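Everything on this sheet refers to the single structure shown next.
Here is how names work: the chains are called A, B, and so on, in the same order as the sequence lines, proteins then strands, and each is numbered from 1. Note that this is a predicted model, so its numbers are computed, not measured.
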Amino acid sequence: MSTPADAIPAGTDTLVPSLNGDYRRGVNALWRVLRMALAYRVRFPAAVLAVIGAAIFQLLIPRFLGAAIDHAASMLAVAGGADAAAIAAAKSALIASALLVLGTAVMRGIFTLAHNYLAESIGQSFGYELRLSFFEKLQRLSFGYHDRIHSGDLITRGMLDIEGVRRFIETGIMRLFQLAVLIGLGAYLYMGQDLILGFLCVSFVPFALWRGVVFRLKVRALWREFQERMSVLTRIMEENLAGIRVVRAFSAQRHEMKKFDDWQRRTLEPAINMVRVRYFNTSMMTFSYFVAMGLVLWFGGLRVIDGQITIGELTQFLVFMTVLQMPVRQVGMVINGYARASVSGARMFEILDLEPAIRDRDGAPQLKISEAALAFENVSFSYQGFASEHTVEGISFAVKAGQTLGIVGPPGSGKSTIAHLIPRFYDVTGGRITIDGQDIREVTLDSLRAQVGVVQQDTFLFKTEVRDNVSYGEPGAEDDRVVEAADTAQLHAYVAGLPEGYDTLVGERGLSLSGGQRQRLSIARSVLLAPRVIVFDDSTAAIDAGTELRIREALKELNRSRATIIISHRLSSLMHADEILFLEDGRIVERGTHLELLAQDGPHFGRYRRLFDLQMGAARENAHAR
Amino acid sequence: MPDSAPIRPAAAAPKKLGARGGEEIFAKSVDPRVLMRFFGFLRPYRFMIVISIVAVLIFTLTQIAVPLVIRYVIDTALPAATAGGAAESARAGAVHLLGLAVAVFFAVVLVNYASNYCQQIWVAVTAERVLIDLRRAMYGHLQRVSLSFMDRTQVGQLMSRLQGDVGSLQEFLESSIFAIGDLALLIGIIFVLLAMDLELGLLTLSVVPILVLVRAIWLPAAKRAFVRARETSSIVNSALAENINGVRTVQEMTREGFNFDAFREKAAENLRTHLRATRLAQVMVPTVDTLTGAAMAIVIMVGGNRVLEGTLEIGVVVAFLFYVQRFFDPIRSLTMQYSVMQQAMASGQRIFEVLDVPVEVQDKPEAIDLMKVRGAGDGAVEFRNVTFGYVPGLPILKNVSFSVAPGETVALVGPTGSGKTSTMALLHRFYDIWEGQVLIGGKDVRDLQQESLGRHIAMVLQEPFLFTGSVIDNIRYREESTSREAVERAARAVGAHDFIARLPQGYDTVLGQRGVNLSIGQRQLLSFARAIVVDAGILILDEATASVDSFTERQIQTALEKTLVGRTGLIIAHRLATIRGADRIIVLQEGRIVEQGTHRELLALGGLYHRLHAMNVASFDDLPELTTE
């Protein structure tokens with residue numbers, strides 16, 4: 001790809017600038033996640049009911065335990081316990097309490113199971129939906145967008161951010177309900193029983209929440225800092241390993257280690273700060289909890305001494321506090337979940353909300369092909385913000401089925417840009433492109449791209465068999481057609497010679513193909529689709545002239561029904577074309593047939609001729625010598 | 001389940017790293033060798049680890065102490081109020097005792113707070129540092145291992161070790177120390193329960209074997225479900241990654257719909273396996289709750305009866321109830337710890353597998369700095385009967401001998417696979433040869449410091465690899481102190497200055513991911529400039545101008561002629577224009593030198609070179625397909 005990554009093409013899928021400090025977007029993201037969770041109309045209320053049920057049973061346990069203690073204690077108070085009937089009554093009361101405790105515990109377990117499962121199920125389904133939307137969206141985002149965003153960034157979003165948002169449903173929204181119900185209902189019940197003791201039991205909650213919020217605010221910034229530095233470190237490691245030959249060639253190991261150490265240190269700093277902030281706050285929370293328990297013990301003890309409450313009731317309050325211990329420990333987790341989800345959610349929605357810059361106009365018709373007559377009418381295009389490079393201006397030409405157009409010119413002169421405009425990878429900024437008289441922006445993308453094939457310079461191989469790589473554009477194409485396409489691209493002999501033939505795996509962990517083989521595979525891919533307009537974008541640079549000649553021969557028959565554009569540095573690839581354009585700085589500076597161009601000379605013309613001399617000079621001189 | 005990659009002694013290190021399939025997330029068993037080596041990384045932090053463990057134990061003790069204080073309040077302080085004597089003084093006595101107990105309680109809480117804070121911080125910080133050390137060890141090792149290892153190994157595979165596996169050892173360290181606390185808590189609770197009342201203690205603890213049994217049955221099934229869920233996650237993620245990387249091809253081929261359906265299938269499977277894993281995980285919740293309830297019921301019934309009989313104090317029953325509530329936590333975390341440990345073993349094996357890859361190409365202890373060798377700076381190069389290959393028994397170069405005089409420029413020509421690139425690699429000692437000698441400045445490269453070779457040889461590689469960063473930093477690369485003027489001079493020399501100047505921030509323009517915002521030709525020019533700026537005695541160009549157009553190439557050609565004055569040049573090329581400029585041409589075929597001489601000499605010879613040349617093509621790419629005809 002020779003498209004500038006920093007350029008911002010015209011269109012709407014412009015990335016909203018970075019998230020830095022954008023608190024509001026985080027809140028919006030959380031709000032949206034909540035609304036999306038609410039859309040699970042059965043599971044969500046069911047989960048809420050389950051969490052309330054679990055909380056109620058949880059809160060009943062201290063009651064029954066307290067009652068049991070009182071049964072035992074009251075009997076003790078009747079000194080000597082001579083009354084056999086009273087003892088029998090106390091014993092049966094004890095059995096009843098024990099059974100109640102057991103039954104309540106079982107119920108609590110069942111409700112908790114239901115809640116956890118429902119919450120996880122909502123979270124997972126939500127993650128599934130999100131993943132699909134994300135996938136669907138990024139497949140439709142235009143080249144201009146993909147040029148600008150780092151693919152690693154998109155992958156991180158698709159993996160970690162979806163995970164962060166998904167987890168938030170379970171650990172954020174659902175846990176929050178659990179906390180609210182447990183603390184709210186508990187406070188209500190126990191303060192009703194004894195205002196002061198009940199109040200003391202939950203007195204640590206505001207403090208814990210406060211620490212939690214402080215923690216959240218601090219960790220949010222630290223987390224982002226950590227992530228950013230970590231991604232730099234990842235990039236450094238990745239580039240070092242991928243470019244290990246450069247590293248070795250320059251004996252730059254020390255330089256690379258320095259870079260690595262430097263960034264490791266930089267990731268360590270926020271990592272340790274996060275640890276500090278987290279544990280400082282969680283220990284404070286635990287501390288406040290125990291302080292509250294101490295106060296309950298003190299004031300409750302005083303009340304028992306004064307005979308205002310029984311020992312059983314005091315036990316009840318203390319056990320109530322142990323019920324609160326777990327949720328309070330989870331406050332940190334919940335808040336962490338919020339912090340993560342607000343960042344992740346914002347990053348997710350940033351992508352999901354993009355409208356692809358290049359999309360079908362409403363009610364666009366299909367492209368109707370007759371002669372496959374492609375015409376550029378005074379086309380201009382520029383990547384916003386990237387001054388002159390790769391810009392084209394005032395390009396006009398026409399080519400139709402059976403004809404070949406050649407484009408040549410120095411790097412950065414806009415050759416590939418022209419290729420990319422035809423299937424609407426980018427939209428023109430001036431003029432128009434038509435196929436059989438239809439403006440390509442007025443027809444559906446699918447029908448356009450089905451008829452236009454661009455064979456790229458760089459070929460992306462998918463981790464699958466050779467067969468599937470060739471038939472990538474038409475999954476499930478018959479084997480003989482795959483072979484035919486491969487044969488046309490002069491790839492068949494090689495593939496057939498492999499032990500596993502077309503079943504050979506390519507890509508990571510599979511067969512690695514040479515540059516020339518990859519380009520031939522790319523040609524086969526396009527040929528299989530039989531597009532009516534085909535563009536070879538310097539796609540034979542790594543193929544030797546002889547093979548190229550044979551490919552051209554093989555394509556001859558097919559080319560009668562299609563318009564062909566050949567972009568190349570190598571004149572031998574395109575000198576047979578019906579028209580050749582010489583591009584310089586995005587403009588056509590010379591045009592004509594090979595012979596016409598050779599005839600041109602003079603200070604302002606003759607670029608083509610000079611190029612020809614450069615490339616062929618040696619050969620011709622040699623021919624002369626003979 | 002295939003065997004996970006075993007750790008082998010350094011001598012027989014694996015040729016290829018084991019695949020990192022989902023099934024190998026867990027190692028089969030505890031591997032003492034992994035543990036021993038892991039402990040080696042802990043050595044520098046042993047003091048921190050010891051005091052962390054002390055803090056963990058103190059923390060555990062305070063946790064055990066809390067119910068005991070409550071018991072004291074219920075059994076001793078409160079009854080004092082009703083125990084005979086004047087009501088007024090009895091109350092005062094009780095309040096005094098209560099105050100004392102609460103004071104002790106607060107003291108315990110303070111210690112609890114301090115130890116809690118310390119244990120967590122110390123453990124986490126130590127774990128972070130160990131992580132950094134492990135990653136550094138691995139990364140540093142990868143800088144030294146032989147290139148043939150790197151050639152065979154996928155970057156992604158190494159990255160997952162540098163990130164994921166290192167992380168799971170970090171987690172293991174953290175959770176191990178906390179596990180010590182859990183174990184202590186468990187033992188402490190058992191001890192206190194039995195000490196308070198043997199009979200009630202034993203009865204209450206009778207639920208524990210049931211729990212252990214249930215978990216033992218549950219664990220294998222749950223683990224399978226978890227592993228499967230992780231596998232499907234990694235399948236989904238790699239499908240996503242591939243689609244992101246290949247998105248342009250996807251759009252070109254209008255395969256969006258098909259890919260979406262395929263992805264949906266994978267995502268649905270992922271959803272299904274995750275829900276199954278959740279179901280299995282959640283089954284334990286009511287089980288533990290039921291057992292807790294049963295234990296509490298036992299305490300109430302048996303303990304309550306004993307209280308009625310007057311053989312047990314109420315406070316003991318209350319304390320029992322507190323302990324029962326806490327009892328299952330450590331059991332749960334300890335069984336979780338087991339999974340963490342298995343995972344860490346698998347990760348450890350993968351990490352140490354990398355660390356065990358032998359460094360084949362090493363400096364000898366007495367290796368010389370090439371810069372200090374007299375006369376070496378002139379850059380004489382000689383190959384003496386060199387035989388070399390990547391796979392044993394399959395030599396790429398066969399008995400190759402040639403020499404290049406200082407200042408001479410030699411072009412290497414030959415079909416793909418004839419050994420041109422290998423020849424260049426050997427000069428830099430990327431690999432060690434099988435037979436013969438490679439000499440620079442009259443010294444065998446094996447006797448030289450590799451570092452000094454890098455300073456003496458500048459290479460322009462076939463793949464113009466650039467780093468993310470500014471243009472100027474890319475040209476300077478290792479020589480960070482190179483002046484702006486020198487960088488610009490180099491850029492001008494290769495004809496890159498014009499396009500650099502047109503970039504938005506000129507030389508300070510930050511290149512995208514490995515220079516995606518430049519054309520391949522432009523990337524090649526930058527990589528050429530990078531080689532020129534170091535001012536080395538020997539310049540190697542490995543088909544460095546393949547993707548440059550003819551105009552630019554001529555510019556480079558002129559630059560090259562200038563740069564090569566007083567330097568030794570070795571050029572692999574396939575374009576006639578490049579080749580003709582050389583003082584001498586060496587024609588390689590199937591690892592042997594078949595012809596050498598000047599352009600004219602070779603033409604006159606009428607051999608392979610002549611034949612290629614006569615085909616009237618401008619380039620020598622992929623020659624075997626031409627010659628076999």
Side-chain angles (χ1 to χ4, degrees), chain A residues 2 4-5 68 72 75 94 98 101-102 105-106 109-110 112-113 116-117 120 124 128 131 135 139 151 154-155 158-159 239 241-244 246 249-253 255 264 271 275 279 283 287 290 294 298 301 304-305 315 322 410-411 449 460 472-473 475 544-546 569 614-615 618-619, chain B residues 78 81 94 98 102 105-106 109 113 116-117 120-121 124 128 132 143 150 155 237 240-241 244 246 249 253-254 256 258 263 267 271 274 278 282 285-286 289-290 293 296-297 300-301 304 307-308 314 318 325 451 454 459 465 467 478 512 516-517 519 521 549-550 576 616-618 621-622 626:
Chain A
S2 57
M75 283 303 111
L94 273 179
V101 166
L102 179 59
V106 171
I110 290 171
T112 312
L113 162 79
N116 288 355
Y117 180 72
E120 176 90 15
Q124 291 289 354
Y128 167 77
R131 196 167 269 137
F135 187 88
Q139 280 205 329
S151 61
L154 278 180
I155 294 169
M159 287 166 56
E239 290 190 345
L241 298 175
I244 194 82
V246 177
F250 286 86
S251 289
Q253 285 96 331
H255 170 76
Q264 276 237 102
V275 165
Y279 293 132
S283 329
F287 182 63
F290 276 123
W298 170 245
V304 174
I305 289 172
T315 308
T322 63
R449 289 182 184 167
F460 187 84
Y472 195 74
D544 68 276
H569 287 309
L614 265 175
Q615 290 189 6
Chain B
L78 301 184
L98 177 65
V102 171
F105 184 88
F106 279 115
V109 166
Y113 167 71
N116 188 17
Y117 180 71
Q120 301 194 87
I121 297 268
E128 289 286 350
I132 294 268
Q143 304 305 311
M150 298 301 286
V155 171
N237 287 336
L240 178 73
I244 290 173
T249 310
M253 303 265 143
T254 52
E256 293 94 331
F258 185 89
F263 184 75
L271 175 64
H274 272 273
T278 307
Q282 293 303 325
V285 172
D289 275 347
T290 304
M296 287 193 292
I300 290 169
M301 274 187 4
V307 170
L308 288 182
I314 293 184
V318 174
Q325 301 234 330
E451 233 272 289
M459 283 180 117
F465 190 95
F467 295 87
R478 189 194 64 191
V516 276
N517 39 0
S519 70
D549 70 302
S550 305
L576 281 175
N616 208 13
V617 291
D621 309 319
D622 265 1
L626 281 172

Engaged part of B/Met150 at the chain A interface, taking heavy atoms whose separation is under 4.5 Å = side chain
Measure distances from B/Thr254 to the heavy atoms of chain A and classify the residue's part below 4.5 Å as side chain, backbone, both or neither.
-> side chain
In terms of heavy-atom pairs under 4.5 Å with chain A, the winner among B/Ile132, B/Asn116, B/Val102, B/Thr290 is B/Ile132
Heavy-atom distance under 4.5 Å to chain B: side chain of A/Val304, backbone, both or neither?
-> side chain
Give the member of A/Gly473, A/Ala249, A/Ala105 that has the highest number of heavy-atom pairs under 4.5 Å with chain B.
-> A/Ala249
Distance col, row A/Gln139:CD vs B/Ile244:CD1, nearest 0.5 angstrom, shows 10.0 Å
Which atoms form the tightest heavy-atom contact between B/Gly293 and A/Leu102, and what is the distance?
-> C-CD1, 3.5 Å
Least distance between heavy atoms, B/Met301 atom then A/Ala98 atom | CG-CB, 3.4 Å
Sequence neighbours excluded, which residues qualify as ring pair (Phe, Tyr, Trp, His ring centres under 6.0 Å) partners of B/Tyr113?
-> A/Phe287
Is any side-chain heavy atom of A/Val246 closer than 4.5 Å to a side-chain heavy atom of B/Met459?
-> no
Considering only heavy atoms from C-beta outward, does the side chain of B/Leu78 approach that of A/Ile305 to under 4.5 Å?
-> yes
In terms of heavy-atom proximity below 4.5 Å to chain A, should B/Tyr117 be classed as side chain, backbone, both, or neither?
-> both
Check each atom of B/Gln325 against the heavy atoms of chain A and say whether the ones under 4.5 Å are side chain, backbone, both or neither.
-> side chain
Minimal non-hydrogen separation, B/Pro286 against A/Ile110, with atom names = CB-N, 4.2 Å
When the 4.5 angstrom heavy-atom criterion is applied to A/Tyr128 and chain B, the contacting part is side chain
Pick from B/Ala267, B/Gly304, B/Gly246, B/Ala124: which one has the most heavy-atom pairs with chain A under 4.5 Å?
-> B/Gly246
